[in-house]
Amino acid sequence: MSTQSISSILLDSNISKELKTIAEKVYNEERISVEEGILLYEKGELGYLGVLANFIREKKNGNNVYFNRNFHVEPTNMCVFDCKFCSYSRLLKQKEDAWEMTDNEILDIVRSYNGKPVTEVHIVGGVHPKMGLQYFADLIKNIKTIRPDIHVKAFTAVELSYMCKKAKVSYAEGLQILKDHGQDSLPGGGAEIFDEKIRTQICDDKCTSAEWLEMHETAHKLGMPSNATILYGHIETFEHRIDHMNRLRELQDRTKGFNTYIPLKFRNKGNQMSNIPEVSTIEDLRNYAVSRIFLDNFNHLKAYWPMIGKNTTQLSLSFGVDDIDGTIDDTTKIYSMAGAEDQIPKLSTQELVEMIKQVNRTPIERDTVYNVITDYTNYDFSKEEVVV
Ligand code: V47
Ligand code: SF4
């Protein structure tokens, strides 16, 4: 079906020569250039982009839609930094709405999942000067004592860079300490937009783009995989989005350490960029599709459903997306505080599976590194003892 659709693009007299050349490249599994990436954003209409992105998606991942059973821990929302788009952080001096969890409160969250079949804990939060490298290393060790089987995906490069600088250790030394205490991988946050001029305008004081990339490269070399994000739909241009992906594509060529790319749509509630309108759903879908076409060396493209809502998530599965994250309980506040579609980001596994089946895709529960745990095609939920 996808092949036929690409053929129809090649025969369509309304489609320009340049866009046909890109379609041919996609068909032949050739990499597209930076200029071609920008052209896709500027000239590729939704149907055309969907055909190409879906072709790649089905080549790489068939009909599968991946998700995992995870929960979030956010130790604090107090942060030394002042990102203009952030609705979540409270500067250290602003105590109102701020939280700071104790070790025991964090470990109680982990204990509350005893007996439940979660495979991953995702730990991120504000950058708090009192919570340093050794504090987090010990915390991870304690989490692993309670739950030795769980995969710990923790700390954005922003948090890690701050921790390492404060502890006066290199990135490699800091990551090795965390790895030795049980950290398995890094989430993709903190990337925002790599273009230095835009980064200065939206998040001037946190780690630089070069530092973000260095942290992930170092992690990959130590055998810790990671994810990559982009924060799109604010003051950046199409050129900036492609430049961002190009820097990731180059790093992935060297290390192959990225699991998935996660476009995060800028939401404008309760932050210092509230005057900027949010982009449309069509732009979300176009962005997924161009990302899928440009990032030929990324195996997976993730739509973060709590952010874009269930309907757009279902649509995204025809525009290159093959992963919809997890069954996140109401443990993350990053998105509900920024105006996400689903104010209470919680879906049971059964609801997630239904959402995928409704659009005729195959629901696959995965672990963090995409090993298949369960194919839910013919799964009988009535036999499950504990549903998360
Ligand atoms: O880096 C903050 C984003 C990110 C807003 O690796 C906002 O599996 C939109 O990276 N509008 C942190 N986005 C979260 C993150 C993440 C999420 C899910 C899965 C994974 C993964 C990683 O949240 C930040 C920033 O880009 N963010 N404020 C906002 N107003
Ligand atoms: Fe702090 Fe992260 Fe919010 Fe920036 S995005 S202010 S680093 S919590």
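Whatever order the structure lists them in is the order used to number ligands and atoms, beginning at 1. By convention here, the first residue in the shown sequence is residue 1.
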*asked:* Could you tell me, atom by atom, which parts of ligand 1 come under 4.0 Å of a heavy atom of Asn227?
replied: 6 (O), 8 (O), 21 (C)
*Val118, Val372: one ILVMFWY side-chain cluster at the under-4.5 Å cut-off?*
no
_Heteroatom proximity flag, Arg267 to ligand 1, N/O under 3.5 Å_ = yes
*Only heavy atoms count here, so choose which of Ile193, Ile230, Leu231 is nearest to atom 13 (N) of ligand 1.*
Leu231
*Purely on distance, is any nitrogen or oxygen of Thr229 under 3.5 Å from one on ligand 1?*
no
*asked:* Ignoring hydrogens and geometry beyond distance, is a side-chain donor-acceptor pair present between Asn68 and Glu120 at under 3.5 Å?
replied: yes
*Nearest heavy atoms of Gly188 and Trp212, plus distance in Å*: O-CZ2, 3.5 Å
*Please step through ring pair (Phe, Tyr, Trp, His ring centres under 6.0 Å) for the pair Phe294 and Tyr261, ending with a clear verdict.*
CA-CA 11 Å; Phe294 191 81; Tyr261 181 62; 9.6 Å; no
*Indicate yes or no: at least one non-hydrogen side-chain atom of Lys206 is less than 4.5 angstrom from one of Glu192.*
yes
*asked:* Check this for me: Asp180, atom CG, are more than 12 non-hydrogen atoms of other residues, nucleotides or ligands nearer than 6.0 Å?
replied: yes
*Identify, by atom number and element, the atoms of ligand 1 in contact range of Gly190, meaning under 4.0 Å from any of its heavy atoms.*
1 (O)
*Under the salt bridge (Lys or Arg N to Asp or Glu O under 4.0 Å) criterion, do Asp243 and Arg241 qualify, and how do the steps go?*
CA-CA 5 Å; Asp243 166 65; Arg241 291 190 204 171; over 6 Å; no
*Select the closest option to atom 6 (O) of ligand 1 among Gly188, Pro263, Ser87, judged by heavy-atom distance.*
Gly188
_More than 12 heavy atoms of other groups within 6.0 Å of Lys43 NZ_ = no
_N or O contact, Glu192 vs ligand 1, cut-off under 3.5 Å_ = yes
*asked:* Taking a cutoff of less than 4.0 Å between a non-hydrogen atom of the residue and any ligand atom, is Lys269 in contact with ligand 1?
replied: no
*With atoms numbered from 1 as shown, which atoms in ligand 1 lie under 4.0 angstrom from a non-hydrogen atom of Met307?*
9 (C), 11 (N), 13 (N)
*Using heavy-atom distances, let me know which of Lys84, His122, Gln272 sits nearest atom 22 (C) of ligand 1.*
His122
*Phe266 heavy atoms, cut-off 4.0 Å: which ligand 1 atoms fall inside?*
9 (C), 11 (N)
*asked:* Taking the side chain as everything from C-beta on, heavy atoms only, tell me whether Pro363 gets closer than 4.5 Å to Tyr379.
replied: no
*ring pair (Phe, Tyr, Trp, His ring centres under 6.0 Å) between His240 and Tyr232: does it pass, once the steps are laid out?*
CA-CA 9 Å; His240 296 135; Tyr232 73 94; over 10 Å; no
*Evaluate ring pair (Phe, Tyr, Trp, His ring centres under 6.0 Å) for His300 paired with Tyr370, printing each intermediate quantity in order.*
CA-CA 9 Å; His300 301 284; Tyr370 291 85; 3.6 Å; yes
*Do any protein N, O or S atoms sit under 2.8 Å from atom 4 (Fe) of ligand 2, and which ones are they?*
Cys83 SG
*ligand 1 atoms in contact with Asn271 (distance to a heavy atom under 4.0 Å)*: 30 (N)
*At under 4.0 Å between heavy atoms, which part of Asn268 makes contact with ligand 1: side chain, backbone, both or neither?*
neither
*Flag Phe85 as yes when one of its N or O atoms lies below 3.5 Å from any N or O atom of ligand 1, and as no otherwise.*
yes
*How about Thr156 and Glu159: does a side-chain donor come under 3.5 Å of a side-chain acceptor?*
yes
*When Asp296 is tested against each of Arg57, Lys25, Arg31, Lys60 for salt bridge (Lys or Arg N to Asp or Glu O under 4.0 Å), which residue passes?*
Arg31
*Heavy-atom distance from atom 2 (Fe) of ligand 2 to the protein below 4.0 Å?*
no
*With a 4.0 Å cut-off on heavy atoms, does Met273 reach ligand 1?*
no
*Using a cut-off of 6.0 Å, state whether more than 12 heavy atoms not belonging to Lys141 lie near its atom NZ.*
no
_Can you name the atoms of ligand 1, numbered from 1 with element, that are less than 4.0 Å from a heavy atom of Leu264?_
3 (C), 4 (C), 10 (O), 15 (C), 23 (O), 26 (O)
*asked:* Are any of the N/O atoms on Lys302, whether in the backbone or the side chain, positioned under 3.5 angstrom from an N/O atom of ligand 1?
replied: yes
*How far apart are the C-alpha atoms of Asp284 and Arg286, what are their side-chain angles, what is the distance that settles it, and do they pass the salt bridge (Lys or Arg N to Asp or Glu O under 4.0 Å) test?*
CA-CA 6 Å; Asp284 295 332; Arg286 293 179 77 249; over 6 Å; no
*Between Pro187 and ligand 1, is there a nitrogen or oxygen pair with a distance under 3.5 Å?*
no
*Gly189 to ligand 1: N or O pair under 3.5 Å?*
yes
*asked:* Using a 6.0 Å cut-off, check whether atom CG of Asn378 has over 12 heavy atoms from anything other than its own residue.
replied: no
*Can you tell which part of Val158 has a heavy atom less than 4.0 Å from ligand 1: side chain, backbone, both or neither?*
neither
